[in-house]
Protein chains: 2
Amino acid sequence: MATIRDVAELAGVSVATVSRTLQQPERVSPKTRSRVLSAIEQTGYQPNLMAVKFRSGKTHSLVVLVPTVANLFFARVISGMQEAAAQRGYTLLLGNTLGNPQIEADYARMVQTAQADGLIQLRASNPFSPEKSASAGLLPMVNACEVLNTSLCPTVTLDNRLAAATMTRHLLDLGHRRIALIKGPQASPLTQERLAGYQDALQQAGIDFDSSLLFDGDFTLQAGYEAARKILAQPQPPTAVFCENDETAIGAMQAIKEAGLRIPQDMSVAGFDDIAFAAYSDPPLTTIAQPAEEFGHTAVSLLVEVLTGKISKAPKVILPFELIVRHSTGPAPIAGASYLTPAL
Amino acid sequence: MATIRDVAELAGVSVATVSRTLQQPERVSPKTRSRVLSAIEQTGYQPNLMAVKFRSGKTHSLVVLVPTVANLFFARVISGMQEAAAQRGYTLLLGNTLGNPQIEADYARMVQTAQADGLIQLRASNPFSPEKSASAGLLPMVNACEVLNTSLCPTVTLDNRLAAATMTRHLLDLGHRRIALIKGPQASPLTQERLAGYQDALQQAGIDFDSSLLFDGDFTLQAGYEAARKILAQPQPPTAVFCENDETAIGAMQAIKEAGLRIPQDMSVAGFDDIAFAAYSDPPLTTIAQPAEEFGHTAVSLLVEVLTGKISKAPKVILPFELIVRHSTGPAPIAGASYLTPAL
DNA sequence: CTGAAAGCGCTAACAC
DNA sequence: GTGTTAGCGCTTTCAG
């Protein structure tokens with residue numbers, strides 16, 4: 001492997017000139033520049049980036065803490081990040097953390113051990129040690145999607161509470177009065193915010209909140225399926241189910257259809273996220289669309305600004321959402337009508 | 001940030017001893033060792049891993065070239081890799097290449113610029129330059145899932161041809177005689193191998209291959225949907241559709257149901273991969289299960305063996321598959337029976 | 001078992 | 001515009 005010294009010798013210049021030709025070409029005369037360039041060509045020189053990073057103290061790498069890559073919403077967010085990072089000359093290091101604080105802390109250490117310049121956290125949790133967090137100024141981090149209420153770093157999120165209220169109102173407008181909610185993981189702020197939005201809409205419509213209509217989930221297909229079975233086993237089942245994400249909704253739909261109920265005639269189902277499968281479920285799912293790629297873009301762009309010292313306050317960016325009405329939600333069945341009314 | 005020198009001073013030893021305490025503790029007396037350890041504790045010393053990697057020439061990083069992270073099958077493969085890599089002390093750098101050879105080459109350069117020790121390619125393409133590939137010995141790479149027929153590096157795959165033949169035979173056994181095939185991307189060997197398996201089974205059953213039953217796709221939901229619409233518009237539609245992946249199948253099912261056909265009574269549909277959604281489609285999808293996480297494990301483990309010089313020949317590992325029969329496939333409708341036969 | 005010393009390949013003052 | 005030089009923080013001989 002050729003080093004910078006080989007190039008310098010071949011070109012008959014100093015190593016500094018070679019370095020400059022690569023880093024700040026304008027500070028080298030065109031003549032020497034071309035001589036150096038051709039020497040690089042001839043030797044097949046590739047700078048040892050580990051040395052560059054070590055010496056310059058800049059890795060141009062960002063670590064991304066994602067609870068699980070096997071989630072279509074996160075996959076879209078990551079695609080957005082990769083695009084934005086590549087544009088700015090940064091490389092992404094993906095950490096599949098399973099939401100485990102220990103694993104997160106390990107990855108956060110990469111920032112402190114000079115393996116990465118900064119970090120993007122997709123979960124509401126600060127992976128840095130208390131000491132590090134106590135240090136002055138912004139943390140080299142951006143918190144996106146599921147955010148912490150902190151001034152330690154910029155955040156990118158959407159108004160989950162308002163979005164959930166919007167969906168709940170959509171259901172209320174359709175005449176539903178008993179609306180079940182299948183929640184996400186207990187510990188997630190997303191779960192709580194969406195629950196709050198659901199309650200907001202209920203309250204505004206003058207409907208008493210009934211906690212027996214709340215069901216636990218964890219954002220997986222299976223959890224949706226199981227929760228829906230519990231819902232159907234209720235003495236007085238609701239006429240609509242709002243699921244805190246699309247996977248849950250698709251799982252729930254399967255249980256509902258297995259029970260012989262029609263969607264939306266007998267039971268409306270709504271999701272959240274608008275993953276690709278939402279448009280291809282049967283029936284296509286009414287959901288809340290999130291600008292996933294935009295989350296990624298914004299997070300990377302904010303992080304780079306923090307790292308380059310362009311911002312010193314922690315902005316809180318709120319991205320827009322959109323209610324997507326497809327065919328899984330419809331008017332509430334007439335009270336007292338049997339679930340077994342024939343389709344035609 | 002404390003350096004190794006700070007620790008050495010505080011502990012009253014040389015930097016070499018500190019380094020040894022960390023790298024080969026057994027070569028340091030228990031007394032000094034504990035003194036060094038407590039000095040590390042006190043100073044909050046974290047080795048600068050960039051320096052370590054630079055100096056040692058080993059990055060303990062592996063780059064993974066994945067056509068798209070927004071694919072559930074790849075997501076599972078990556079999870080498996082991450083697990084195996086973490087176990088061996090390696091970090092994964094994910095490259096979303098969109099199947100673009102230019103982007104792949106850029107990532108491959110990371111290996112040559114000492115940013116990563118090796119590379120895992122999930123697409124049948126050699127991202128290294130011809131010169132690099134021509135160098136003696138194995139390339140620091142493993143090719144998994146969609147593989148190249150090469151002796152330049154180990155490969156991990158499954159017998160796609162046999163798997164496709166198995167699925168086709170399943171359909172033939174159900175009495176289907178006209179079976180459409182919705183293919184993957186034209187350029188992918190996977191597409192060709194699965195097509196070959198389909199043809200094998202047909203031939204073995206003594207059925208003439210009919211190229212008008214072949215439809216183009218690209219492994220997406222939408223492509224499946226569109227191909228299915230074309231299939232239904234045929235003068236004499238088939239009674240079964242074999243899709244080269246599950247997304248395609250789920251997209252196709254939507255088009256088929258929209259057209260008023262019942263699955264599987266009027267039309268059987270089969271997929272490939274067994275993604276999580278396959279069990280939650282309506283009806284649940286018959287498919288070929290691949291051991292996705294196992295692909296990841298095996299790829300990492302082989303790559304580490306190559307990097308550590310444990311192997312010098314390129315093994316070709318073939319992982320097993322399994323036919324999962326759910327409810328999207330059933331007996332072929334009686335010839336001549338109308339598609340519009342009522343369900344009951 | 002421990003210390004001294006020589007770099008790894010590169011960047012960045014600082015001179016000229 | 002270019003060269004000289006001093007390290008970045010660490011590992012690793014080589015002595016002792």
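Every chain is numbered from 1, with letters handed out A, B, ... down the list of sequences. Model, not experiment: these values are computed from the prediction.
With a cutoff of under 4.0 Å to any heavy atom of chain A, the contacted region of DNA chain C is bounded 5' to 3' by dC8(C) to dA13(C).
Proximity note for R27(A) (side chain, C-beta onward) versus dT2(D), dT12(D), dG3(D): the nearest is dT2(D). Side chain of Y45(B), nearest nucleotide from dG7(D), dC10(D), dG1(D): dC10(D).
A side-chain contact (heavy atoms from CB on, under 4.5 Å) with L62(B) holds for exactly one of L93(B), L94(B), L92(B); it is L92(B).
In this structure, V18(A) reaches neither bases nor backbone, as no heavy-atom distance under 4.0 Å exists between it and the strands shown. Among the heavy atoms of the strands lying under 4.0 Å from T3(B) are primed sugar atoms or P, OP1, OP2 only; no base atom is included. At the heavy-atom level, S29(A) lies under 4.0 Å from the strands shown only through sugar-phosphate atoms.
Within the structure, every side-chain polar atom (N or O) of T32(A) is placed at least 4.0 Å from both OP1 and OP2 of dG1(D). Of the side-chain N and O atoms in T17(A), one or more sit less than 4.0 angstrom from OP1 or OP2 of dG3(D).
Atom CG of residue N143(A) and atom NZ of residue K316(A) lie 8.5 Å apart, to the nearest 0.5 angstrom. Rounding to the nearest 0.5 Å places CD of Q186(B) at 11.0 Å from CG of D218(B).
In this entry the distance linking CD of Q24(B) with P of dT11(D) reads 10 Å, nearest Å. Per the geometry, CZ belonging to R55(A) stands 8 Å off C1' belonging to dA6(D), to the nearest Å. At whole-Å resolution of the value, CD1 in I4(B) and P in dG7(D) are 18 Å apart. The distance from atom NE2 of H60(B) to atom C1' of dT11(D) is 14 Å, rounded to the nearest whole Å. The nearest whole Å value for the distance from the CE atom in M50(B) to the P atom in dG9(D) is 14 Å.
Between S14(A) and T17(A), the side chains place a donor N or O and an acceptor N or O closer than 3.5 Å (distance only, hydrogens not considered). With hydrogens and angles left out, the side-chain atoms of S133(A) and N126(A) include a donor and acceptor closer than 3.5 Å.
The 5' end of DNA chain D is approached more closely, in terms of each residue's nearest nucleotide, by R33(A) than by the other of R33(A) and Q46(B). Looking at which nucleotide of DNA chain C each of A16(A) and G12(B) is closest to, the 5′-most match is held by G12(B).
Across all their heavy atoms, S79(A) and V69(B) have their closest contact at OG-CG2, 3.9 Å.
Applying the ring pair (Phe, Tyr, Trp, His ring centres under 6.0 Å) test to F74(B) and every residue at least two apart in sequence or in another chain returns nothing.
In this model, a side-chain donor or acceptor of R20(A) finds a partner on the base of dG3(D) within 3.5 Å.
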